[in-house]
Amino acid sequence: MMMNKAALYIHIPFCKVKCVYCDFYSITKKENQIPLFTECLLKEIENYKDYANKWEFNTIFLGGGTPSLLPTKYLEQILRKLDDTFDTSIVEEITLEANPGEAPLEHLKDIKSLGVNRISMGFQSFDDKILTLLGRLHKSEDCFKTFENARKAGFDNINTDMIFNIPGLSVKNWSKDLNKLLELDPEHISAYSLTVEPSTKLFNLVKNKEVLMPLEKTDIEQFLITNDILSKHSYNHYEISNYSKENKECKHNLHYWNLSPYLSFGPSAHSYDLDKRWWNKRSLDKYIQDLQNDKLPIDGRETLSKKDNFNELILNGLRLSNGLDLDNLKDYKKFLNKAQLNKMNKKWDCLSVNDKNIKLTNKGFLFVDEITKELFV
């Protein structure tokens, strides 16, 4: 019997500073809790050993927060625990997130020696003023230095995160940033439009009119120029915000977009087993307290209805350049039939519908929210 391929995710919440735009769960000035956090994390992983024979795990992702802040011995304990608890023999990709200026060469070498084979770096910008506005600790030169060190440490699969639609970032300067990045020749580039999330410092700055977000016209222009520049340099635009060289797509994130199962550990981590979703408490203290009391730190759970599953297939499938495989929709004919699809196809010239899939053109990605809303039930 063919088993589902699945993913393992570890959420490491520690950060040196909190970026103004970040709504992921992270905390500062708590690094003294790393040993206790690791001890509790190992305990949590142990509690999921019943899932060991359910799926084949082929990706591991250490995200955060800033996972590169963890000393090697704790990273080693975590990876060893995953290996002891689950069958990780077919794992192809182990990613660790690192911040420029916070991952020295020796630490990167140690991380590589643990089996981590992909590094994801949060560059965001090469303009020091913009980095300060975003609340980043690093300077532009740290990006180049840390990237060079990752190459020296032996990493041949590096992702770099960049952000556009930032106050004060012109289309011209964004193009310059991308061309600078291309000189480094990373295998993967994530280029995100800055969004104002309710629980962030940026939200309050915008609300109080201390920061003015760019016009939508600038956001669109920067999105289109990203696709134009990167595709000319052989990067495949395989997901709205993600570009990769041939065969260098992020296998782990594809699990999420293709609705494969995944197990996640750490405060605020979400898991999915094809039937239900559950998530952990968004607090390091509560997370630790529960595990010390032999309780799982689960904050909530939901069982997905057929309608939920359909909406998620639409939402995630249209994010990908390959689109949504119509075979995946054959059980949902009451929600979407051929007549509806033809009607959508006529209305949206950026939507391509054939016998095999539904997908958006690159320009169509600009309208993904409106199109998905129309297809939702």
Taking the six-membered ring for Trp, are Tyr262 and Tyr9 closer than 6.0 Å centroid to centroid? no

Residue from Asp219, Leu224, Ile240 passing side chain to side chain contact (heavy atoms under 4.5 Å, CB included) with Leu366: Leu224

For residues 200-214, which side-chain N or O atoms pair as donor and acceptor with protein atoms under 3.5 Å away, sequence neighbours left out?
| residue | atom | partner | partner atom | Å |
| --- | --- | --- | --- | --- |
| Thr200 | OG1 | Glu197 | O | 2.6 |
| Thr200 | OG1 | Phe203 | N | 3.2 |
| Asn208 | ND2 | Asn204 | O | 3.1 |

Residues 94-145 vs ring pair (Phe, Tyr, Trp, His ring centres under 6.0 Å), sequence neighbours excluded, gives Phe123-Phe126, Phe126-Phe144

Is a donor from one side chain sitting under 3.5 angstrom from an acceptor on the other, for Ser234 and Lys245? no

Heavy-atom closest contact (Ser271 atom, Ser264 atom, distance): OG-N, 2.9 Å

Can you tell me how far the CD1 atom of Ile119 sits from the CD1 atom of Ile94, to the nearest 0.5 Å? 11.0 Å

If you draw a 6.0 Å radius around CD in Glu370, do more than 12 non-hydrogen atoms from other residues or ligands fall strictly inside? yes

Nearest 0.5 angstrom please: His270 NE2 to Asp299 CG, how far? 9.0 Å

Going from SG on Cys350 to CG on Leu360, what distance comes out if it is rounded to the nearest 0.5 angstrom? 6.0 Å

With no hydrogens and no angle check, do the side chains of Asp87 and Ser89 hold a donor and an acceptor under 3.5 Å apart? yes

Can a donor-acceptor pair be found, under 3.5 Å and without considering hydrogens, that links the side chain of Asn242 to the backbone of Glu249? no

Any non-hydrogen side-chain atom of His237 less than 4.5 Å from a side-chain atom of Leu230? no

Quick check on Asn53: does its CG atom have over 12 non-hydrogen neighbours (other residues, nucleotides or ligands) under 6.0 Å away? no

State, with a plain yes or no, whether a side-chain heavy atom of Asn157 is found less than 4.5 Å away from one of Lys248. yes

Report yes or no: does Asn258 contribute a side-chain atom to a donor-acceptor pair with the main-chain N or O of Ser260 at less than 3.5 Å? no

Euclidean distance, Phe24 CZ relative to Cys19 SG, rounded to 0.5 Å: 11.5 Å

Keeping Glu44 on the side-chain end and Phe265 on the backbone end, is there a donor-acceptor pair under 3.5 Å? no

Just by modelled atom types, is the Ile371 backbone N or O under 3.5 Å from a matching donor or acceptor in the Glu374 side chain? no

For Glu39, give me all partners under salt bridge (charged side-chain N to carboxylate O under 4.0 Å, His left out), at least two apart in sequence or on another chain. none

Using side-chain heavy atoms (C-beta onward) and a distance below 4.5 Å, is Asp83 in contact with Leu79? no

Heavy-atom distance under 4.5 Å between the side chains of Tyr51 and Thr85, does that happen here? no

For Leu320, the rest of its hydrophobic cluster, which grows through side-chain links under 4.5 angstrom: Tyr238, Leu254, Trp257

Under 4.0 Å between a Lys/Arg side-chain N and an Asp/Glu carboxylate O for Asp294 and Lys43? yes

Glu239: salt bridge (charged side-chain N to carboxylate O under 4.0 Å, His left out) partners, not counting sequence neighbours: Arg319

Which heavy atom of Tyr25 sits nearest to which heavy atom of Pro267, and what is that distance? CE2-CB, 3.7 Å

Applying side chain to side chain contact (heavy atoms under 4.5 Å, CB included), can you list everything that pairs with Asp161, at least two apart in sequence or on another chain? Ser120, Gln124, Asn159, Ser190, Tyr192

According to the salt bridge (charged side-chain N to carboxylate O under 4.0 Å, His left out) rule, which pairs have a member within residues 303-312, sequence neighbours left out? Arg277-Glu312

Please name the pair of heavy atoms, one in Lys281 and one in Ile298, separated by the smallest distance, quoted to 0.1 Å. CE-O, 4.0 Å

Are Ile34 and Pro71 close enough that some pair of their side-chain heavy atoms sits under 4.5 Å apart? yes

Report yes if some heavy atom in the side chain of Lys286 is under 4.5 Å from a heavy atom in the side chain of Pro297; otherwise report no. no

When you check the side-chain N and O atoms of Trp174 and Thr226, is any donor under 3.5 Å from an acceptor? yes

Which residues share a ring pair (Phe, Tyr, Trp, His ring centres under 6.0 Å) with Phe86, sequence neighbours left out: Phe57

With sequence neighbours left out, write down each residue that passes side chain to side chain contact (heavy atoms under 4.5 Å, CB included) with Asn309, or none if nothing qualifies. Tyr272, Leu304, Tyr332

Do Lys81 and Thr38 come close enough that some side-chain heavy atom pair is under 4.5 Å? no

How close do Ala103 and Ala98 get, heavy atom to heavy atom, and via which atoms? CB-CB, 4.2 Å

Taking side chain to side chain contact (heavy atoms under 4.5 Å, CB included) as the test, write out the residues that go with Lys373, two or more places apart. none

Going from CG on Asp127 to CD1 on Ile166, what distance comes out if it is rounded to the nearest 0.5 angstrom? 8.5 Å

Give me the ring orientation class for His252 and Phe61: parallel if the planes are under 30° apart, tilted from 30 to 60°, perpendicular past 60°. tilted

I need the Leu341 CG to Ile358 CD1 distance, nearest 0.5 Å. 4.5 Å

Verify side chain to side chain contact (heavy atoms under 4.5 Å, CB included) between Arg118 and His188, making sure each step is shown before the conclusion. CA-CA 10 Å; Arg118 186 174 182 271; His188 191 284; 3.6 Å; yes

Asn293, CG: over 12 other non-hydrogen atoms inside 6.0 angstrom: yes

Residues 333-357 vs ring pair (Phe, Tyr, Trp, His ring centres under 6.0 Å), sequence neighbours excluded, gives Phe310-Phe335, Trp348-Phe367

Can you check whether Leu178 reaches Phe164 side chain to side chain, under 4.5 Å on heavy atoms? no

Report the residues that fulfil side chain to side chain contact (heavy atoms under 4.5 Å, CB included) with Glu221, sequence neighbours left out, ordered by chain and then residue number. Val171, Lys217

Within the distance-only criterion (no hydrogens, no angle test), does the side chain of Arg136 pair as donor or acceptor with the backbone N or O of Gly122 below 3.5 angstrom? yes

Would Thr372 and Leu375 count as a side chain to side chain contact (heavy atoms under 4.5 Å, CB included) here? Give the steps. CA-CA 5 Å; Thr372 49; Leu375 287 167; 5.7 Å; no

Show the nearest heavy-atom pair for residues Ser140 and Asp128, with the distance to one decimal. N-OD1, 2.7 Å

Can we say Glu141 and Lys180 salt-bridge, meaning some charged N sits less than 4.0 Å from an Asp/Glu carboxylate O? no

Donor-acceptor check, side chain of Asn311 to backbone of Val377, threshold 3.5 angstrom: yes or no? yes

Closest non-hydrogen atom pair, Glu187 against Asp156: CD-O, 3.1 Å

Has Asn149 got a side-chain atom pairing as donor or acceptor with Pro104's backbone, closer than 3.5 angstrom? no

